[in-house]
2 protein chains.
Amino acid sequence: MWTKPHPYFYLYIYLVKDDAMKFEAATIKDIAKALGVSTSTVSRALRDSHEISPETKQLVIECAERLNYKPNPIALSLKEKRSRSIGLVVTEIANNFFSQIINGIESIAYDKGYNVIITQTFESYDREVMDVQFLASRGVDGLIISLSTETHDLSHLKALHDRGLPIVFFDRITDEINTHKVIVDNYKGSFEATEHLLQMGAKRIAVISSSEFLSITKDRVAGYKEALKMHGMEPTDELIHYSYYSGMVFSEVEEIINKLFTLKHKPDAILTTSDKITTGVLKTLKRRGIRIPDDVALAGFSNTDIPELLDPPLTIVQQPSREMGEAAVSLLLQMIESKRPIRDFEKRMLSPELQIRASSVVKKKAGKKPSGK
Amino acid sequence: MWTKPHPYFYLYIYLVKDDAMKFEAATIKDIAKALGVSTSTVSRALRDSHEISPETKQLVIECAERLNYKPNPIALSLKEKRSRSIGLVVTEIANNFFSQIINGIESIAYDKGYNVIITQTFESYDREVMDVQFLASRGVDGLIISLSTETHDLSHLKALHDRGLPIVFFDRITDEINTHKVIVDNYKGSFEATEHLLQMGAKRIAVISSSEFLSITKDRVAGYKEALKMHGMEPTDELIHYSYYSGMVFSEVEEIINKLFTLKHKPDAILTTSDKITTGVLKTLKRRGIRIPDDVALAGFSNTDIPELLDPPLTIVQQPSREMGEAAVSLLLQMIESKRPIRDFEKRMLSPELQIRASSVVKKKAGKKPSGK
DNA sequence: TTGTAAGCGTTATCAT
DNA sequence: ATGATAACGCTTACAA
């Protein structure tokens, strides 16, 4: 159906002569010199210290504006012993779930004057270790991380945590490190999706989930199993499958589908629990000419707009990714900015604003029923 | 088809007591003290200066390792008067074209010790100005930017450029600022896509492009027109449409499709020139029950895997986004790191490596022909 | 109310 | 071959 890829585009690159000299920004010293006062006076005036005469303050502020003075963030960092940057470790930027996480994180981080350094693991443990070390060497003030599927050894993170680096886990979390974590109710999500498939008339629901070593997988599969039991069905191992690389490696998904559809009793519905797995299953079914929902009904976790484009529709479980990012970064900044420990587990919850946003997330459902063979 | 969205997910947030003290990293001073030498000796030893005795060097390096010494990047930045960070302005991270641009940029930037600060405009001029100012205030050493669709006034960038801030434009470029630019051959891309539609038997090809003010739009529409002329057809205005927000605002695309399909002579093929427009058109056609390619053939620019999931297939024009990112950042780092002007336009082209990578990009074509009514 | 000086971590320029 | 010192931009005791 697709012709063989062939080389195509040229890159056009315009080069120009570059003889601009480096612009020197105004410093506090320039202001001091211009006004014939000391740098400390300027510093204090700009920070609106109470021990500066209104006139001087006025003068300084005016002069600062005139010179277009901007405090040098690097000098500040050196003084304050903080980089005002936080590290982020995700699987892949080119994934809606994570790009929305990033949006959530950056919106808040930038507001508070923090940079975000983004790194990607592509589900590789080695990359994760590299990323974490890179971030540590850049002197980030804190770390937000979703573990790679390959990660079983957490020593690279433990070491940093022991040294006092604030860390927040999200989505793929771990029990081995005692710090803040942000996840959604994965159990409930897959429970409801499974239930919906049952309501559509499905009798044999298969599940394709991420690596069974991931925390989220356990919850999602548990929700699936519980829904079956609630409706008087017994989960069968032959219908439960794991994609080690969460669908990043397409052939994994393909093989699972192949296995499922060579069973004596083929499934009449499939639950997929990640963006990439959902996409992969769609692709495979299309290739094999298996129709949705006539041959199999489908319910899947997805944060992309792919399923919306497809006919017939499927059930989508959407995660509040942006809100997760916001929550994670808020917690991290809290850890960073308050030296004091968070004392009260109940009271010191998220700010109300954040909680409201968190509940605004949706689940979309498909209406059609499978022909129920 | 889709039931009304309803609130769904909870955010689970685990809070823990945080009583870890801030870890103090080893400095050059610690090494000096431990070894009873001066800081300058340590500094020189670590930088492998020739004027240090081998024994001292040995000692210092050993000690540094023992203390797990890492040079403080912030102190270095302050000294060198550079932040070792570069700013990036894109439309949106959650867009494959840009996330791959980011991949290209980061892979090279990180290797050379630079951070990348990513900002998003969402096609808004105001956001772009904010982003640029934010990046400037963070003291980035350089800027990589793809202009927003709303941007007609370039003074925010001109000011920085005049001050000597290195800037590289990519994709949506401008003539008004004389600096490096990275684009693909948009003309050729849309020329070939149009030609392919013609070969499929299309007689009336419509084009839906981004804002007509964007540089890329001009090239793409020009390629389309030229292909028509080459095949003895005259471009008609009623078949040429522009989406001001490049498909980011879905209703724009919807309206254009509506207009096209209420024409006396409806189009039998459509060329779309951006990710979002392609997606939007697919969605609209699906909603209106217009079949591809039986009712209309489709060719579109896209860097997502969405079209691959759809049946019937369409022609896809793919941009070498990762390579564009690599090219852009290479040029920028060149500008940043060499005070000397780039003298020779011809010789100082990209490194060979980069050129090779740039040609590895593909175009995929659909095979089916429209029923050609 | 304002100025002086020390310090953040590092390197470059002098001396020694 | 090594050490002392100043400097990068800024804040903050401490003095005045």
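Reminder, nothing fancy here: chain letters follow the sequence lines and each chain counts from 1.
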Indicate whether OP1 or OP2 belonging to [N] is found under 4.0 Å from a side-chain N or O atom of [X].
| X | N | value |
| --- | --- | --- |
| A/Lys29 | D/dC8 | yes |
| A/Ser53 | C/dT2 | yes |
| B/Ser38 | D/dG3 | yes |

Heavy-atom nearest nucleotide on DNA chain C for B/Arg44 versus B/Ala75: which residue maps closer to 5'?
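The residue mapped nearer the 5' terminus is B/Ala75.
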
Distance, rounded to the nearest Å, where [X] contributes [atom1] and [N] contributes [atom2]:
| X | N | atom1 | atom2 | value |
| --- | --- | --- | --- | --- |
| B/Lys33 | C/dG9 | NZ | P | 10 Å |
| B/Asp30 | C/dG9 | CG | P | 8 Å |
| B/Glu51 | C/dA15 | CD | P | 15 Å |
| B/Lys79 | D/dC10 | NZ | C1' | 16 Å |
| B/Arg84 | C/dT11 | CZ | P | 12 Å |
| B/Ile31 | D/dG3 | CD1 | P | 14 Å |
| A/Ile52 | D/dT11 | CD1 | P | 13 Å |
| A/Lys81 | C/dT10 | NZ | P | 10 Å |

If only side-chain N and O atoms count, and only distance matters, is there a donor-acceptor pair under 3.5 Å linking A/Arg138 with B/Tyr110?
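No, no side-chain donor-acceptor pair sits under 3.5 Å.
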
State whether a side-chain donor-acceptor pair under 3.5 Å links A/Asp126 with A/Ser124.
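No donor-acceptor contact under 3.5 Å links the two side chains.
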
Answer yes or no: is there an ion pair linking B/Glu62 with B/Arg66, defined by an N-O contact shorter than 4.0 Å?
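No, this pair does not count.
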
For the ring pair A/Phe169 and A/His161, is the centre-to-centre distance below 6.0 Å?
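No, ring centres 6.0 Å or more apart.
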
Assuming nearest nucleotide by heavy-atom distance, tell me which of B/Thr56 and A/Arg47 is located more 5' along DNA chain D.
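Between the two, 5'-proximity favours B/Thr56.
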
So which one's nearest nucleotide on DNA chain D is more toward 5', B/His50 or B/Leu78?
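That would be B/His50.
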
What is the nucleic acid contact for B/Ser40, judged by heavy atoms within less than 4.0 Å: base, sugar-phosphate only, or nothing?
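B/Ser40: base contact, heavy atoms under 4.0 Å.
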
With respect to A/Leu143, which candidate in A/Asp131, A/Leu332, A/Thr179, A/Leu157 satisfies the side-chain contact (heavy atoms from CB on, under 4.5 Å) definition?
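Of A/Asp131, A/Leu332, A/Thr179, A/Leu157, side-chain contact (heavy atoms from CB on, under 4.5 Å) with A/Leu143 is met by A/Leu157 alone.
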
Per A/Thr41 side chain, nearest of listed nucleotides C/dT2, C/dT10, C/dG7
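Taking heavy atoms from C-beta onward, the closest nucleotide is C/dT2.
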
D/dC10, C/dG3, C/dT11: which one has an atom nearest the side-chain heavy atoms of A/Val37?
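When the side chain of A/Val37 is considered, C/dG3 is the closest of D/dC10, C/dG3, C/dT11.
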
